[in-house]
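The block underneath contains the structure these notes are about, expressed in structure tokens.
Order of the sequence lines fixes the chain letters, A, B, ..., with proteins taken first and strands second; residue numbering starts at 1 for each chain. Since the model is a prediction, treat every value here as computed from it, not as a measurement.
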Amino acid sequence: MTTVRIPAGWPATEAQARAVQDELRGRVVLDEPGPPPGTGRVTGVDVAYDDERDVVVAAAVVLDAATLDVVAESTAVGRVPFPYVPGLLAFRELPAVLAALDALPCEPGLVVCDGYGLAHPRRFGLAAHLGVLTGLPTIGVAKNPFTFAYEEPDAPRGSSSPLLAGEEEVGRALRTQQDVKPVFVSVGHRVSLDNACAHTLRLAPRFRLPETTRRADALCRKALKATEYVV
DNA sequence: GCGACAG
DNA sequence: ATCTTGTCGC
């Protein structure tokens, strides 16, 4: 388990955080399709907290995209760098996620985040933010629709409907299992929305959530329980 | 002004 | 995110 170092100048207030979003959001790349599903590597990242002890643990789990076997994993611990504010989740989660990605022994390939990318009040959710900071292709897969509207997709696995901010399609509600609540997919960086949905579907052959987030979630929780001291 | 609100 | 037992189902 490596230690989180909060980057110099990391925002401390909501106003600073919004200024950073405004500065970085123009750097998102939207005209690349991204890696083809089922090839190379796919990495899930997630974070667990103990607010009582001011501890955060992130995990990164690298899967073989064809077999979904785990090929590498890493964790990082540190202090919680920012409070939970809807719309500013990246400032709470990313320092630990960046440290975990740095600790990996191989390239992560496509990174799947727990949350949103462009489907965000300011069009710059944590998946987009992580993509811009690392240059990696990223997507966001969220469990809730946040503030967005959508019509219920058809019952079969693979059905989807647009996630709407007014008239604009900012993501998609994607049914990964028949008759199960959809997940909410949006583009982060260097991946098209169609491709993001195709990846998500391949990563969820058996359960609602992609294997990437299931693996990363399990690992960061386990690592948090095992954590005793954080200096 | 109040409520809602990814994790 | 996290607090939490048993319970229904594959």
Cation-pi, A:F184 ring and A:R172 (6.0 angstrom, 45 degrees): no
Side-chain donor-acceptor contact under 3.5 Å, A:R208 with A:Q177: no
Plane angle bin for A:W10 and A:H129 - parallel if under 30°, tilted between 30 and 60°, otherwise perpendicular: tilted
A:V57-A:L219 co-clustered via ILVMFWY side chain contacts under 4.5 Å: no
Touch class at under 4.0 angstrom, heavy-atom based, for A:A119 against every strand present: nothing
Candidate pair A:L110 and A:H199, rule side-chain contact (heavy atoms from CB on, under 4.5 Å), full reasoning: CA-CA 9 Å; A:L110 174 76; A:H199 272 104; 3.5 Å; yes
ILVMFWY cluster membership beyond A:V180 - transitive side-chain contacts under 4.5 angstrom: none
Nucleotide C:dC10, atom P - distance to CG of A:D179 in whole Å: 13 Å
Sugar-phosphate only, base, or nothing, as touched by A:L88 at under 4.0 Å among non-hydrogen atoms: base
For residues 87-106 of chain A, please give each side-chain donor-acceptor pair under 3.5 Å, one per line with the distance, not counting sequence neighbours.
unit_1 : atom_1 : unit_2 : atom_2 : d
A:R92  : NH1    : A:F82  : O      : 3.1
A:R92  : NH2    : A:D51  : OD1    : 3.2
A:R92  : NH2    : A:D51  : OD2    : 3.2
A:E93  : OE2    : A:Y49  : OH     : 3.0

Sugar-phosphate only, base, or nothing, as touched by A:D46 at under 4.0 Å among non-hydrogen atoms: sugar-phosphate
Whole-Å gap separating C1' (B:dA6) and CG (A:L118): 14 Å
Side chain of A:E93 - closest among B:dC5, C:dA1, B:dG7: B:dG7
Whole-Å gap separating P (C:dT2) and CZ (A:R53): 12 Å
Phosphate OP1/OP2 of B:dG7: any A:Y49 side-chain N/O under 4.0 Å: no
Nearest-angstrom distance from the residue atom CG of A:L89 to C1' of B:dC5: 11 Å
OP1 or OP2 of C:dC10 under 4.0 Å from side-chain N/O of A:R206: no
Contact residues, residues 135-149 of chain A to DNA chain B [heavy atom, < 4.0 Å]: A:A142, A:K143, A:N144, A:F146
Interatomic distance where CZ belongs to A:F207 and C1' belongs to C:dG9 [whole Å]: 13 Å
Euclidean distance, atom CD of residue A:Q21 to atom P of B:dA6 [Å, nearest integer]: 15 Å
Whole-Å gap separating P (C:dA1) and CG (A:D114): 6 Å
Rounded distance (Å) that lies between atom C1' of C:dT2 and atom NZ of A:K222: 20 Å
